[in-house]
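Everything below concerns the one structure shown next.
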Protein chains: 2
Amino acid sequence: MTDKEPLAFTRHNHSHCVSDALQAAVAICTERGARLTAIRQQVLELIWQSHKPLGAYALLDQLAEKSTKPVAPPTVYRALDFLLEQKLIHRIAAINAFIGCPHPDHNHASHFFLCDDCGRAEEIHSKSVSNSIKKAATEAGFAVQSQSLEVFGLCPDCRTQDGHDS
Amino acid sequence: MTDKEPLAFTRHNHSHCVSDALQAAVAICTERGARLTAIRQQVLELIWQSHKPLGAYALLDQLAEKSTKPVAPPTVYRALDFLLEQKLIHRIAAINAFIGCPHPDHNHASHFFLCDDCGRAEEIHSKSVSNSIKKAATEAGFAVQSQSLEVFGLCPDCRTQDGHDS
DNA sequence: ACAAAGATAGTTATATTATAACATATTCGT
DNA sequence: ACGAATATGTTATAATATAACTATCTTTGT
Ligand SMILES: [Zn+2]
Ligand SMILES: [Zn+2]
Ligand SMILES: [Zn+2]
Ligand SMILES: [Zn+2]
């Protein structure tokens, strides 16, 4: 896959998302000399299983299922810390959950649309949004270090289909 | 006080902020038939003691100090729930903390600058930011219900004073 | 190959944030 | 005053996250 359009809310072949993400992760970590260990890659894969942000304990449960040994919280949180540091995932603070980043190679803020109905999240990459925030900060004399925009509502699918599956 | 300019990061007579906020809260609750009880008002006052967002348990501790009886978490969380419902306060999800709203009468999204150094928070009211988000949502076919923007960095004071007090 | 240093993972315990469930008290409309 | 609705008190627990220590694995210099 080449240029990526937002597609969390669009019907698509999701296996491409997963393979792209894993490939990119391997490439990035190799280049940076960061170690994408088995656990870290496993957590990244679990996060990428869908476009719905997943909580740490949901990941923990899924890891535990696949493992013979018990899995403790630090195992998951350390993997998440690594993936966050490498910017391979984003944290959605409002729901204490984590989602894969489709553009890990390209530095950017954490801007999301989050569907209240189906739970899916889509990254926003709007120059207009970014620039207006940058401009507001400049005018306020504020030196931005990081930012997160979490927009909740109904995705195109869920707003038209009156019914719900949640 | 009449038209309010952002002032969390500016030297100002903070007692005006507090009295304005309490006055507005009383007026709004009266108009809505909502009951701003003693506890709720106390929590609102504690939140307004500064422009630094406060966590639930910090509020709990302060309430406990002023009270003879023990204070339990639900007491604080219920008051916070009420204040959030009435939009008298905002929640800053990234730091699990709460901050007073200087414009509770006027419906608006939760957009903040948050200083990593001094801890203060200032509400952003930028048409440009709001409009760009609205536009991005429309283009994506996304129906916005709520939103939060949390921009972290250094406020004008802290970016110039090289030294830190944190 | 080997040992030392550093990084990763296992393990146990605990901190922090938030809510459930039920009992009691207060307020409000009649 | 009465009953219904709302608010508070109380106890317990859920959900999220980290601290601290041990053991293992990986890298690096010799
Ligand atoms: Zn996909
Ligand atoms: Zn991203
Ligand atoms: Zn003030
Ligand atoms: Zn506000």
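Remember, predicted model here, so these are calculated numbers, not experimental data. In what follows, chains carry the letters A, B, and so on, assigned in the order in which the sequence lines appear, proteins first and then strands, with residues in each chain numbered from 1. The analysis underlying the following values was restricted to heavy atoms, covering all of them including side chains, and did not include hydrogens, waters or symmetry mates.
Atom C1' of nucleotide dA17(D) and atom CZ of Phe98(A) are separated by 9 Å, given to the nearest angstrom. One interatomic measurement links the two molecules: NZ of Lys69(A) to P of dT22(D), which rounds to 19 Å at whole-angstrom precision. One atom, CD1 of Ile95(A), and another, C1' of dA18(C), lie 16 Å apart when rounded to the nearest Å. Atom pair Leu80(A):CG and dT8(C):C1' shows a separation of 15 Å (rounding to whole Å applied). The distance between atom CG of Asp61(A) and atom P of dA15(D), rounded to the nearest whole Å, is 10 Å. If you measure from atom CD1 of Ile39(B) to atom P of dA25(C), you get 15 Å, rounded to the nearest angstrom. Put simply, CG on Leu54(B) is 13 Å from P on dA18(C), counting in whole angstrom units. Look at CG on Leu60(A): it is 13 Å from P on dT11(C), rounded to the nearest Å.
In terms of modelled atom types and a separation under 3.5 Å, the side chain of Arg91(B) and the main chain of Asn96(B) share no donor-acceptor contact.
In this structure, Arg40(B) reaches the sugar-phosphate backbone alone: every heavy-atom distance under 4.0 Å involves primed, P, OP1 or OP2 atoms, never a base. As judged by a 4.0 angstrom heavy-atom cut-off over every strand, Arg35(A) is placed among residues touching the sugar-phosphate backbone only.
Between Asn96(B) and dA18(C) there is a side-chain polar atom (N or O) within less than 4.0 angstrom of OP1 or OP2. Checking the phosphate oxygens (OP1, OP2) of dT8(D), no side-chain nitrogen or oxygen of Thr75(B) falls inside 4.0 Å.
Centre separation under 5.5 Å together with a plane angle under 30° does not hold for the ring of Tyr77(B) and the six-membered base ring of dT19(C), so they are not marked as stacked.
A donor and an acceptor atom, one from each side chain of His125(B) and His106(B), are nowhere located under 3.5 Å apart.
The local environment of CD in Gln145(B) is crowded, with over 12 non-hydrogen atoms from other residues, nucleotides or ligands closer than 6.0 Å.
Candidate nucleotides dG9(D), dT17(C), dT11(D) were compared by shortest atom distance to the side chain of Ala72(B), and dT11(D) ranks first.
Using a 30° and 60° split on the angle between ring planes, His90(B) and Phe112(B) fall in the perpendicular class, above 60°.
Each of Pro70(B) and Ala34(B) was matched to the nucleotide of DNA chain D holding its nearest heavy atom; the match closer to the 5' end belongs to Ala34(B). Positionally, the nearest nucleotide of DNA chain D for Thr37(B) lies more toward the 5' end than for the other of Arg78(A) and Thr37(B).
The base of dA17(D) is paired with the side chain of Tyr57(A) by a donor and an acceptor separated by under 3.5 Å.
Look at Arg120(A) and Asp157(A) and you find a salt bridge, because one of the NZ, NE, NH1 or NH2 atoms lies within 4.0 Å of a carboxylate O, short of that distance.
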